[in-house]
Amino acid sequence: MTTTTTTLPDDLTVVEITVREGRAVGEDRVEVPLGNRISLRFDSDTRLLVHIHGYDEEFTVESSVFTVYEFVGDLPGIFEVEDHVTHRLLIELKVSP
């Protein structure tokens, strides 16, 4: 599995993020239409404390447990999604009209 993005007709953008040994595999930036719901779907072999900068969203991804986190992309800009334990960038979200 690699990082993929799919925009569905119901204004839901799905971002699949695979993490191996603490590093994301695949795309490093994903574009999301402003106002869409964003569904981050994690497949990770390590425990992560994920923080979405700008939105101040934080959640845990357990090792080997498929995790889904959803929020509305209602702020325009480029936002880092990082692991707060290692401070590694996992992906950037570019939210724009």
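In this text the structure is predicted, and so the values were computed from the model without any measurement. All residue numbers in this chain count up from 1 along the given sequence.
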Review point. Does Val81 belong to the same Ile/Leu/Val/Met/Phe/Trp/Tyr cluster as Val72, with side-chain heavy atoms less than 4.5 Å apart forming each link?
Key: no

Point to revise | Proximity of Phe59 and Phe71 rings by center, below 6.0 Å | key: no

Review point. Taking all non-hydrogen atoms of both residues, which atom of Val68 and which atom of Arg41 are closest, and how far apart?
Key: CG2-CG, 3.8 Å

Practice item. Please examine the side chains of Tyr55 and Val95, heavy atoms only from C-beta on, and report whether any two atoms are closer than 4.5 Å. Key: yes

**Study point:** Any side-chain heavy-atom pair of Glu21 and Asp45 under 4.5 Å
**Key:** yes

Check your understanding: If you measure only the distance, is there a donor-acceptor pair under 3.5 Å linking the side chains of Ser39 and Arg37?
Key -> no

Point to revise | Verdict with supporting geometry, Val50 and Phe42, side chain to side chain contact (heavy atoms under 4.5 Å, CB included) | key: CA-CA 10 Å; Val50 178; Phe42 285 86; 4.1 Å; yes

Review point. So if you build clusters from Ile, Leu, Val, Met, Phe, Trp, Tyr with side-chain heavy-atom gaps below 4.5 Å, do Val15 and Leu89 land together?
Key: no

Check your understanding: How many angstroms lie between CD in Glu82 and NE2 in His51, if you round to the nearest 0.5 Å?
Key -> 7.5 Å

Study note, to complete from the structure: In this structure, CD1 of Ile91 is separated from CZ of Arg29 (nearest 0.5 Å) by 10.5 Å

Point to revise | Flag if over 12 foreign heavy atoms under 6.0 Å of CZ, Arg23 | key: no

Check your understanding: What distance do Glu80 atom CD and His87 atom NE2 have between them, rounded to the nearest 0.5 Å?
Key -> 12.0 Å

Point to revise | Expected output: side-chain Asp43 to main-chain Phe66 donor-acceptor under 3.5 Å | key: no

Check your understanding: Is Val85 linked to Leu48 within one hydrophobic cluster, defined over Ile, Leu, Val, Met, Phe, Trp and Tyr using a side-chain heavy-atom separation of less than 4.5 Å?
Key -> no

Review point. Do any N or O atoms from the side chain of Asp74 and from the backbone of Gly35 form a donor-acceptor pair under 3.5 angstrom?
Key: no

Check your understanding: CG/Leu93 to CD1/Ile78 distance, rounded to the nearest 0.5 angstrom?
Key -> 10.0 Å

Check your understanding: Looking at CZ of Arg47 and CG of Asp83, how far apart are the two atoms once the value is rounded to the nearest 0.5 Å?
Key -> 9.5 Å

Point to revise | Same cluster (ILVMFWY, side-chain, under 4.5 Å), Leu75 and Ile38 | key: yes

Revision key, fill the gap. Heavy-atom nearest pair, Ala24 first then Leu90, reads CB-O, 3.2 Å

Check your understanding: Are the side chain of Thr46 and the backbone of Ser63 linked by a donor-acceptor contact shorter than 3.5 Å?
Key -> no

